[in-house]
**Q** 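My structure is below; once you've seen it, I'll send some questions.
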Amino acid sequence: MNLPREIRYRAYSDWTKDEMDKIKDNVKRSPWRASYHIEPKTGLLNDPNGFSFFNGKYTLFYQNWPFGAAHGLKEWVHTESDDLVHFHVTGAELLPDTKRDSHGAYSGSAYEIEGNLFLLYTGNVRNENWERDTLQIGAWMDKDYNITKGENVLIHPPADVTDHFRDPQMFNYEGQLYAIVGAQNLEKSGFIKLYKATDNNVETWEEVGNLDFGGTGSEYMIECPNLVFVDKKPVLIYCPQGLDKSELNYGNIYPNTFKICQSLDIEKVKLVGTSEIQNLDYGFEAYATQGFNTPDGRALIVSWIGLPDIDYPTDKYDYQGAMSLVKELSIKDGKLYQYPVEAITSLRASSEQFTAKAETNNTYELELTFPPNQKSELLLFSDSKGNGLSLIVDTKEGKIILDRSKAGIQYATDFGTIRECSIDTKETIANIFVDNSIIEIFINKGEKVFTSRVFPEKHQNGIQLKSGEPTGKYFELKY
Ligand code: FRU
């Protein structure tokens with residue numbers, strides 16, 4: 001939603017309790033609140049931040065402007081989880097309250113060090129002429145979730161970046177802590193800077209160089225770069241804004257992509273043996289995905305179900321955006337798989353054989369097997385007039401097509417109403433998670449993923465089978 005700058009950058013302390021109560025009441029009017037996904041209590045949720053393991057639990061912050069469905073003065077809101085499925089807002093917040101983050105606590109990462117959680121993030125600063133300074137700064141969170149900010153700028157913008165320089169992600173490689181930062185160079189191409197913590201002291205960072213990841217520079221900015229290790233192989237996950245479509249076909253305003261690499265050569269500042277650039281997700285919205293390696297070596301990721309610069313039907317209820325399910329990464333036969341963590345099955349409250357249903361509560365999982373050599377079509381969020389979200393699983397032609405042109409309230413149609421990807425022409429499994437206005441589809445246990453919003457109208461809650469003979473289960477999900 002477009003709101004004037006004076007509103008979006010109004011100090012948090014200037015918002016009255018009355019104004020906040022009105023916003024909260026408005027959020028409550030929404031017919032689309034999710035039941036088992038993280039959504040903002042109020043306002044706009046965007047990137048996952050500080051995703052980490054801390055004090056025996058998982059920590060995940062969400063980036064938030066709490067006062068409406070717009071990109072305003074951002075803070076981080078802290079949530080914790082024991083199982084990566086149930087998350088609780090703890091009340092801890094990283095506020096934009098110093099001169100080093102006066103115009104927003106922008107995205108960043110977290111790493112546990114000797115019993116405290118270190119947060120490395122971007123302080124967004126503007127002067128009177130609205131010129132931007134972009135500072136990489138730090139804060140510590142203790143076990144009681146008290147946050148103390150450092151006094152120093154830890155990484156100043158280097159000479160070869162514009163004012164687009166943000167989203168530091170820390171990672172441990174062979175016992176040394178590094179950070180990568182998304183950047184735009186003076187020729188207005190995207191690139192990634194690599195830093196290392198001098199003597200592993202996270203209060204002092206030195207530049208290693210510009211990370212060679214085999215990019216072409218056709219994008220104008222790289223947001224939210226992340227390096228995670230899957231079976232020791234580095235996987236680079238990043239958002240190359242404006243990437244040339246001849247390089248990668250994508251339908252959303254900005255893509256979220258990845259490359260699987262063979263190794264990281266620190267001396268050469270290079271990811272070696274990089275795959276082609278690929279879409280991380282084939283749905284209508286998944287962005288700013290953040291990942292980290294757990295102390296026991298798993299690679300976990302979570303995505304913002306939303307996109308920058310898009311208006312959503314929830315805007316009129318003063319909120320926007322949600323967090324995806326947490327997905328665990330694996331590599332099989334050279335392909336990246338992303339699949340919800342095992343604890344997700346704890347949401348299954350009842351189970352029945354899959355059949356068409358005139359009505360559901362739009363909170364369920366389908367686990368379906370599609371036979372080979374067949375075109376199947378499901379209509380989800382369907383009504384008696386034939387409206388709904390069409391999912392075609394075509395094992396004859398080898399493709400999946402998701403068409404939301406007849407699904408609920410239409411929005412972002414400038415970017416098309418169909419998303420598709422290719423699959424092998426053989427028996428195909430789909431796990432489909434529906435949560436009121438969110439759908440996450442995992443093909444063949446995460447070989448391809450479609451993450452999307454759908455905003456059904458009243459009575460758009462059926463499941464129809466238009467063609468084909470998929471078999472499987474319907475699970476009602478309860479949080
Ligand atoms: C990505 C992003 C980041 C930035 C944050 C600001 O969605 O633009 O690059 O840190 O959002 O909210």
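Worth saying up front: this structure is predicted, and the values here are computed from it rather than measured. The first residue in the sequence is number 1, and the count goes up from there. In what follows, every heavy atom counts, from backbone to side chain, and hydrogens, waters and symmetry copies are set aside. Just follow the structure's listing: the first ligand is 1, and inside any ligand the first atom is 1.
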**Q** Report yes if some N/O of Tyr287 lies less than 3.5 Å from some N/O of ligand 1; otherwise report no.
**A**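 No; the residue has no nitrogen or oxygen that sits under 3.5 Å from a nitrogen or oxygen of the ligand.
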**Q** Using the ring of Trp32 (Phe, Tyr or Trp, six-membered ring only), decide whether Arg453 places NZ or CZ under 6.0 Å from its centre and within 45 degrees of its axis.
**A**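 Output no; distance or angle outside limits.
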**Q** Would Arg404 and Glu285 pass as an ion pair if we require N to O under 4.0 Å?
**A** yes
**Q** Got the closest protein heavy atom to atom 8 (O) of ligand 1, with its distance?
**A**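 Nearest protein contact, heavy atoms only, for atom 8 (O) of ligand 1 is Glu223 OE2, 2.7 Å.
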**Q** Does the Lys NZ or Arg CZ of Arg126 fall within the cation-pi geometry relative to Tyr9 - under 6.0 Å from the ring centre and within 45° of the axis?
**A**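 No.
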**Q** Report the C-alpha separation of Glu206 and Thr198 in whole Å, then their side-chain angles, then the decisive distance to 0.1 Å, and conclude whether the side chain to side chain donor-acceptor pair (under 3.5 Å) test is met.
**A** CA-CA 6 Å; Glu206 61 192 89; Thr198 311; 2.7 Å; yes
**Q** Taking only heavy atoms of Trp304 into account, list the atoms of ligand 1 that are under 4.0 Å away from them.
**A** 7 (O)
**Q** Using a 4.0 Å heavy-atom cut-off, say whether Gln63 meets ligand 1 through its side chain, its backbone, both or neither.
**A** side chain
**Q** Would you please classify the geometry between the Phe229 ring and the Phe171 ring as parallel, tilted or perpendicular, with 30° and 60° separating the classes?
**A** tilted
**Q** What's the shortest distance from atom 4 (C) of ligand 1 to any protein heavy atom, and which residue and atom give it?
**A**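 Nearest neighbour among protein heavy atoms for atom 4 (C) of ligand 1, to 0.1 Å: Asp167 OD1, 3.5 Å.
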**Q** If we only consider heavy atoms of Asp47, is any one of them less than 4.0 Å away from an atom in ligand 1?
**A** yes
**Q** I need the atoms of ligand 1 closer than 4.0 Å to a non-hydrogen atom of Ser107, numbered in the order shown.
**A** 5 (C), 10 (O)
**Q** If I compare all heavy atoms of Phe87 with all of Thr79, which pair ends up nearest, and what's the gap?
**A** CD2-OG1, 3.4 Å
